[in-house]
Amino acid sequence: MVRPVVETAGLHLEEVTVSSAGRRSVVRVVLDLDEHAVGSLDLDTLGEVSRAVSAAMDAADPVRGEHVLEVSTPGTDRPLTELRHFRRARTRLVALTTRDGSTLEGRLLDAGEDGLVLETGTGSTQQVPLDHVVRGEVRVELRRAEDDEEGDA
């Protein structure tokens, strides 16, 4: 019931879980952009889809008793374990753990069936076969206000 609403909005349904919280249930829906999209899911779209999912659930009434609906995105702390996760992380700074236990860090330029392309230094790239990667994670980048001001000067 949730998937058609999410797909109509052009989004990917990552996960749906139902758990109990006292006398009511908590329905958690995790949404993401299509794997070929770059960027983040904006709050306006998330709100619109949340309202549409809520309406679909009210009409179908799939959860007995009271329930709370939580709609969110995977967030930057989601481990990158599938090709679609890596595709969504393009342009981001990532750290990769490989099968031999080593770690690589760089900006993810491309992600495909053949592997990942990381910019590991200024103008330097490295191809990493996807089957050599055990896990990846996005590194959060925070720019200081002074950095922005210096760029404007």
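In what follows, residues are counted from 1 in the order of the sequence shown.
- Taken to the nearest 0.5 Å, the CG atom of L104 stands 11.0 Å off from the NE2 atom of H132.
- Note that CG of L31 is 10.5 Å distant from OG1 of T45, once rounded to the nearest 0.5 Å.
- Side-chain heavy atoms closer than 4.5 Å link hydrophobic residues (I, L, V, M, F, W, Y) into clusters, and following such links, even through other members, never connects V117 to L83.
- Side-chain atoms of R92 and T76 form no donor-acceptor pair, as typed in the model, at a separation below 3.5 Å.
- Interatomic distance, L69 CG to R51 CZ, rounded to the nearest 0.5 Å: 12.0 Å.
- Considering every non-hydrogen atom in both F86 and L96, the closest pair reads CE2-CD2, 3.6 Å.
- One finds the CD atom of Q127 at 7.0 Å from the CG atom of D114 (value rounded to the nearest 0.5 Å).
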In sequence, state the C-alpha distance, the side-chain angles, and the governing distance for R28 and S19, and then conclude on side chain to side chain donor-acceptor pair (under 3.5 Å). CA-CA 8 Å; R28 288 184 179 89; S19 59; 3.2 Å; yes

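- Judged purely by atom type and a 3.5 angstrom limit, R135 has no side-chain atom pairing as donor or acceptor with the backbone of L80.
- Taking each heavy atom of M57 and P62 in turn, the nearest pair found is O-CD, 3.3 Å.
- Considering CG of L130 and CD of E82, their distance stands at 10.5 Å, rounded to 0.5 Å.
- Closest approach of A56 and V5 over heavy atoms only: CB-CG2, 3.8 Å.
- Of all the heavy atoms in P74 and V30, the pair that sits closest is N-CG1, 3.6 Å.
- By the 4.5 Å heavy-atom criterion applied to side chains, V2 and L13 are counted as neighbours.
- A distance of 9.0 Å separates CG in L118 from OG1 in T125, rounded to the nearest 0.5 Å.
- No side-chain donor-acceptor contact under 3.5 Å links H85 and E137.
- Connection of V68 to V18 is not established within any shared hydrophobic cluster, with ILVMFWY side chains joined at heavy-atom distances below 4.5 Å, either directly or through further cluster members.
- The minimum heavy-atom distance between A95 and R139, with the atom names listed, is CB-NH2, 3.3 Å.
- Hydrophobic clustering, with ILVMFWY side chains joined whenever heavy atoms are under 4.5 angstrom apart, keeps V94 apart from L33.
- Of the charged side-chain nitrogens involved, at least one lies within less than 4.0 Å of a carboxylate oxygen, so that R107 and E141 count as a salt-bridged pair.
- Follow the hydrophobic side-chain contacts under 4.5 Å out from V26 and you never reach V53; the two are in separate clusters.
- There is no path of hydrophobic side-chain contacts, each under 4.5 Å, that joins V128 to L109.
- Salt-bridge formation is detected for the pair R88/D32: a Lys NZ or Arg NE/NH1/NH2 atom is positioned less than 4.0 Å from an Asp or Glu carboxylate oxygen.
- Within a 6.0 Å sphere centred on CZ of R84, other residues, nucleotides and ligands contribute more than 12 heavy atoms.
- The two residues A60 and M1 have their closest heavy-atom pair at CB-SD, 3.6 Å.
- Counting heavy atoms from C-beta on, the side chains of D34 and H12 never come closer than 4.5 Å.
- The closest donor-acceptor contact from the side chain of S124 to the backbone of T120 lies at 3.5 Å or more, if one exists at all.
- Put simply, the side chain of R90 reaches to within 4.5 Å of the side chain of D110, judged on heavy atoms.
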